Structure formats: structure tokens, C-alpha cells
Amino acid sequence: MSLGNSFGLCFFHSLLSQHQTKAVKSSLLVFRQLLQSNLKPSDLTFSLLIKASASSSFASNSLKPKLEANQIHTHLFKSGIIQLAYIRTGLLNLYVNLGCVKNARFLLDEMPDRDVVAWNALISGYSKNGHDFLAFNLFIEMVREGFRPQATTLVGLVPSCGRLEFVFQGKSIHGIGVKAGLDRDSKVKNALTSMYAKCGDLEGAEILFEEMVEKSVVSWNTMIGAYGQNGLYGEAMFLFKKMRAQAVEANSVTVMSLLSANADRETIHCFAIKSGIVNNASVVTSLVSVYAKCGDSESAELLHKSLSHENLVSLTALISSYAETGNMNKVVVCFARSRQLNMELDAVAMVSILHGVKNPAYIAIGLAFHGYGIKTGLCIHCLVTNGLISMYSRFNDIEAVFSLFSGMQEKPLISWNSIISGCVQAGRAGDAMELFFQMKMYGYVPDAITIASMLSGCSQIGYLQYGKKLHCFILRNNIEMEDFIVTALIDMYIKCGSIELAERVFRGIKEPCLATWNTMITGYGISGFENKALNHYAELRKRGLKPDKITFLGVLAACIHGGDVDKGRRYFQIMTEEFGISPSLQHCASMVTLLSRGGYFEEALLFIRNMECDPDSAVWGALLDGCCIHQEVKLGEYLGKKLYLLDHTNGGLYVSMSNLYASGGMWDDVARVRQIMKDTGGDGSSGASLIELTS
DNA sequence: TTAGGGTTAG
């Protein structure tokens, strides 16, 4: 090599080294300039090029770095430098950082002299990219080929055990580490602590943490995170105080772990500002997330805007908070922002957007995002398909749901759950049953969510016997009686007509949540047990729980069934004045039912006139039903015309009109209405009654 | 080594 060549190379090498620390122009561009200067790259040049590309690949979410990696690969191949083991491993690392695990696997397979370092790189690469099973299988392959694991191997693999909740396998790896003396390594210890916590073995995590003589900030963060993940928020905060008392300086991860451990967001935000940690982009992103989750979109948006480089995670946190409330206009604004920034959405962002498509008015937006997903390839992710399944089932488009489901290459339990709950939501409990049997045939074990959906399906079709079987399944399989499953179980017994069994389940719960109380109150209300419903309401208040909109729907239903107009009026007043709940159309329809059934037509009309929102067909229909009871034919006819103009396809209207004329003995008119019903194809909705004989 | 956005349930 001439002196000139050597000097020139040194110049380009220093340029490439800068790429590892600064965000400058493409490292491949520098490399091309080097070639144009007629300089011959050495293996060091390539090593620096790979490192520079790897360090700049994290920030971007575009295709460009992947294409650059392929170009580097070609240069290495052409120059023959790819033969060097350390260069191959460097390239493998680059692919792994870019998420191109298939290319990385190809490199390892083609490596004639692969060493532990290359195995480690791919194992940790699989793990970092969420391919936990692949990481595990590769580890087994490595050991079978006679390679001895190193501390780095375990550090790469152990997080996969945590994510898969493979506590047994994690313990085996812990054992391998102890035998080989690798468990003394602090990184291995921290990784194992985190693994035990993620597997729910908090005691295991605590033992490892206590054993550590020198606890680094990472160790403290791991244990704070461990408490947070297991719901012990007080312990997480206590440990943070202990860490500070021992003069260990907190870092960005400490703040993030505390935020996800439900610590007071404003206190932690202040701490982050005071300690200067708030300049960290990940911390700001976490803050955006917690503010967005609690509904403080204004603060979340301000924080998001304060980021020097907006990132997809932070934007997704905003999208998700808007989607939760169905504010699709804001969601679309966020999406437009991502386009402005040339940001490609990922599967999580897509799922968040789809979650917001709840209102039929936004079906077109949902379809457009489905198209976007197909175009960008995001629909391949089963996460996105699950999101689409849920979206289409919200609109009862069961054909689309089945087509998406049958096209899935892998069908994890969550996908079965999505389609089963989708069928139930779309009123197709029979299909849900069929899928449930298929799912079991494929060897999947239903979880609490499957069972809750199935219970809701049983409620829909009044299938008490199968509901009881599901109850037994819960008991046999020790499925934790979480609030939602208890509520679904009680709801099933009520809807299947067995209030006694619902009461038995309810009595077995120590601290029922509001949803469970609401289910019981509504259940009593619709079953005609007015006093029991109101006693339960009183008991709920005695326990310090704050009733919500659903509670009052149940309470009003009870008053309607008991025909107790005075109590109904009083509870409506309590709802609006004491609890500041603005009445929904359903509450208004209940009040109109109560008043008109009691014969208070003037009051009912006044009530409708004073409503804050426009009365819908349910409200007018409630008044019409009152007319049927009290033979108010004149008013009833007026309401019938009004309802016809609002929705002439409503079959219930003809039934009510027929009842109205019958109440006044106007049989000719009854016959006329029935003839119209026959001519237009019945009352528009067929009904079915079902009783189940029990032994 | 630790951490930030998401889906399925009432």
C-alpha cells in the first residue's frame, strides 16, 4: 500500500468513525467517495462501514438502511472480504439490528468457521426481534454442535424465556449458568432477575436481587420494573426511595419503570425535569404515553411536540388515546403527520388505528387503512389481522372476518379469541360455538378471555347447560376469577333465567367491582325483582362505590318493572344532580317508559321537550307503548306517524300500532295494520323463544 | 443486562 493510499484511507476511516457517534450523511455515500478516489478499501474500512451503518440504522423506520445493508453485503462479497469471520459476524449484527433475521440466519448457515460470537449474535438477534422460539431453538442447535455457551449467550437468550413465560426453561438456563460459573456475571444476574419477574416468580427475582453484592443502577431498575410488572406499585416506589438513599443515581430507565409502575405521573415528571432526565427522548415518549392514557391529550400532545425528533412510539401513544375515545379525526391528523415525517407505520400503530374505527360513520376510513395495510405488507402480521377481525366484527361483517381468519398462516390463541368474540358481538353465537370446538380440536387451551366470550355467547342464545359446563371448566382449570370473568358468568346465569345461580356466584366474591354490581342490579331489574335491585344499589353505595351510567340504567329498569314512578323520578334526579351524569338516550327512553306506563303523559311530553339531545325512535316508541296501555289512541296515532317518518322499516312500530288499536277495540284498524305487515314481509324481524328443560 | 406505543373480555 502506497503512503498516499494509506493517508487517504485514514481520512475516510476517520469520516466513517464519526458516523458511529453523529448523525451525518449516509456512510455508504462516504464509502462510494472512497472508491471514486481510486482507494482500495481494507477489511478495517468494511468493519467501520458496517459499524457506522449499524449505529445509524436504529433511528430510521424506512426501507433505506435495509437496501444499504444489501449493498454493503454485495461489496463485501465482490471484494472477497466476506470470508473473514469477524466481518461476517459484523454483517450479521447489522442485519439483526435492521430486523432482517432471515438474512442473518443465511449468513450463519453459510459460515464455514462459525464461532460462539456468531451464534451469540443470532440468538440475541432473534430474541431482540421477538422471535423467541427461534432464539430458543438456535440455542439448542448451538449446544448440540458442541459450542459452550458464554455469559453473552445467556444474556441474549434469557429475555426470550421471560417473554414466553418459560419459567421452567429459564430455570434450566439458570442451572447451566451456575454449573459453568456464568451466573456471577452481573449482566446475567440482571437478565435472570428480569426473567423471573416476567414469569411471575417475584420471589425468585427478589432472591437474586438480594444476593447481588454490588447493585448497579440496572439491577435497581430491573427490580423496580419487576414490582411494577407484578402490580406491586407501592414496593416499586419504596425501592426507588431506597435506591436514592444509597446514593445510586437514577437514569432514564428508572423513570420509565416508575411511570409504568403507576407512580404519580406529575411527581415523576417533576423528578425527571429536576434531574435533567427529561431531555431523554424515551422518557418523553413514556410521559406522552402516561398522559395520553389518563385522557390528558393536551399535555401528551405538548410533550410530543417538545421532542426534537418525533418518533413512531410517541405518535402511536397519541393515536391510541384518540382511538380509545373513537376520535378518528384526530387519529387521521396523527397519521397525516406520520406521512409528513416520512414515517412508515408499524403493526402496533396500525392496530391502534383500527381500534378507533368503532362508529359506522368511519367504515370508509377503516377500509382505507385495510388497503394501506395490504399495500405496505403490514397485513401479514397476525397482530394486524386480529385488529381487522375485531374491526369487521364491530360492523357485523362476518364474511370479511372469516375470510381474514382463514387466510392467517399462524393462528395463535389471541386470533381464535378475536374471531370468537367477534362472532358473539355480531350476534352469531352459533358460529362462535362451532369455532370454539374447532379451536379445541386443534389443541388450543381456552383462556379466561375465550371463556368470557363463550359465556356471553351462551347468554345470547339462552344456552344454560353449556354455560354451566363453562363454569365447571373455570373451576377445573383454576382460571382466576378476575372481575370480567365473574361478571360474564353472572350475566350468563341471569340471561339464561337462573337468578339463583347468579346470586350464588355473586355471594362468593369478596369485593365485587362496579361492573359486577351493575350486572346484578340490571339482572334483578329486568327479572322483576325491584326491591333486590334497589337494595343492591344501596349496598354498593354503602361500600363507597360510585355508580355510573350503567348502574342507573339498571336502577331505572327496576323502577319500570315495579311500576314505581316516584322512585324512578328520584333516582333520575340523584343521577343527574348528585353524580353529575348527563342522561343518555337510553336513560331518557327509560324515564319516558316509566312516566307513560304510569299514565303521566303530560309529564312525559314535558320531559321529552326538555331533553338536551334530540329524542330518537326509542324515546318516542316508549311513549307509544304507554299509549297502548292507557288506550290513548289519538296521541298514539300521532306518535305512529312521527315514528314512521323517523324509520318506516322499524318492525316494532307496526306491532305497537296493532296493539294500540286493539287496546281501543278498533279491530278494523288492527286488521289493516296486520295486512300492511303481511304485505311488507312480516314485522321485519323474526323472533324465537326458547326454553331449556333441566333435570 | 433494565425501559417507552398494541390486539382479544365485562
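Just so it is clear, the values below take in all heavy atoms, side chains as well, and ignore hydrogens, waters and symmetry mates. Keep in mind that what you see is a predicted model, and the values were worked out from it rather than measured. In the text below, chain A, chain B and the rest are named by the order of the sequence lines, each starting its count at 1.
- The distance from atom CG of Leu354(A) to atom P of dT8(B) is 10 Å, rounded to the nearest whole Å.
- Atom CD of Glu324(A) is separated from atom C1' of dA9(B) by 14 Å (rounded to the nearest Å).
- If you check every strand for non-hydrogen atoms under 4.0 Å, Val351(A) touches sugar and phosphate atoms only.
- If you check every strand for non-hydrogen atoms under 4.0 Å, Ser320(A) touches sugar and phosphate atoms only.
- Across all strands, Thr222(A) comes closer than 4.0 Å only to sugar-phosphate atoms, never to a base (heavy-atom distances).
- No donor-acceptor contact under 3.5 Å links the side chain of Asn311(A) to the base of dG5(B).
- Rounded to whole Å, atom P of dG4(B) lies 21 Å from atom CD of Glu310(A).
- The side chain of Phe484(A) lies closest to dA9(B), out of dA9(B), dT1(B), dA3(B).
- Remark: aromatic rings of Phe240(A) and Phe271(A) are close, center separation under 6.0 Å.
- A donor-acceptor pair shorter than 3.5 Å cannot be found between the side chains of Gln438(A) and Tyr444(A).
- For the side chain to side chain donor-acceptor pair (under 3.5 Å) test with Asn518(A), the passing option among Thr487(A), Asp491(A), Asp548(A) is Asp548(A); the others fail.
- Within the 4.0 angstrom heavy-atom criterion, base atoms lie near Val218(A).
- Of the candidate nucleotides dA3(B), dA9(B), dG10(B), dA3(B) has the atom nearest to the side chain of Lys198(A).
- With hydrogens and angles left out, the side chain of Thr285(A) and the base of dG4(B) share a donor-acceptor pair within 3.5 Å.
- As a whole-Å value, the separation of Leu378(A) CG from dT7(B) P is 16 Å.
- Listed nucleotides: dT7(B), dG10(B), dT1(B). Nearest to the side chain of Asn190(A): dT1(B).
- Considering only the side chain of Met256(A), dG4(B) comes nearest among dG10(B), dG5(B), dG4(B).
- Here dA3(B) is the nucleotide among dA3(B), dA9(B), dT8(B) with the atom lying nearest to any side-chain atom of Ser257(A).
- Contact annotation for Lys215(A): no contact, since no heavy-atom pair falls under 4.0 Å across all strands.
- Comparing atom distances between the Asn386(A) side chain and each of dT7(B), dT2(B), dT8(B) picks out dT7(B) as nearest.
- Of the listed nucleotides (dG10(B), dT7(B), dA9(B)), dG10(B) has the atom at the smallest distance from the side chain of Thr487(A).
- Checked by atom type and distance alone, the side chain of Asp447(A) pairs as donor or acceptor with a backbone atom of Ile449(A) at under 3.5 Å.
- Within the 4.5 Å cutoff, the side chain of Arg337(A) has no heavy atoms near those of the Leu318(A) side chain.
- Using a 4.0 Å heavy-atom criterion, one finds that Ser456(A) contacts the sugar-phosphate atoms exclusively.
- For Arg394(A), whose side chain is taken as the heavy atoms from C-beta onward, the closest listed nucleotide among dA3(B), dG10(B), dT8(B) is dT8(B).
- In this structure, Ile419(A) atom CD1 and dT8(B) atom C1' are separated by 12 Å, rounded to whole Å.
- Here the side chain of Asp491(A) is nearest to one of dT2(B), dT8(B), dG10(B), namely dG10(B).
- Of the listed nucleotides (dT2(B), dG10(B), dG5(B)), dG5(B) has the atom at the smallest distance from the side chain of Asp346(A).
- Checked by atom type, the side-chain pair Thr193(A)/Asn190(A) shows no donor-acceptor distance below 3.5 Å.
- The separation between Lys293(A) atom NZ and dG5(B) atom C1' is 8 Å, rounded to whole Å.
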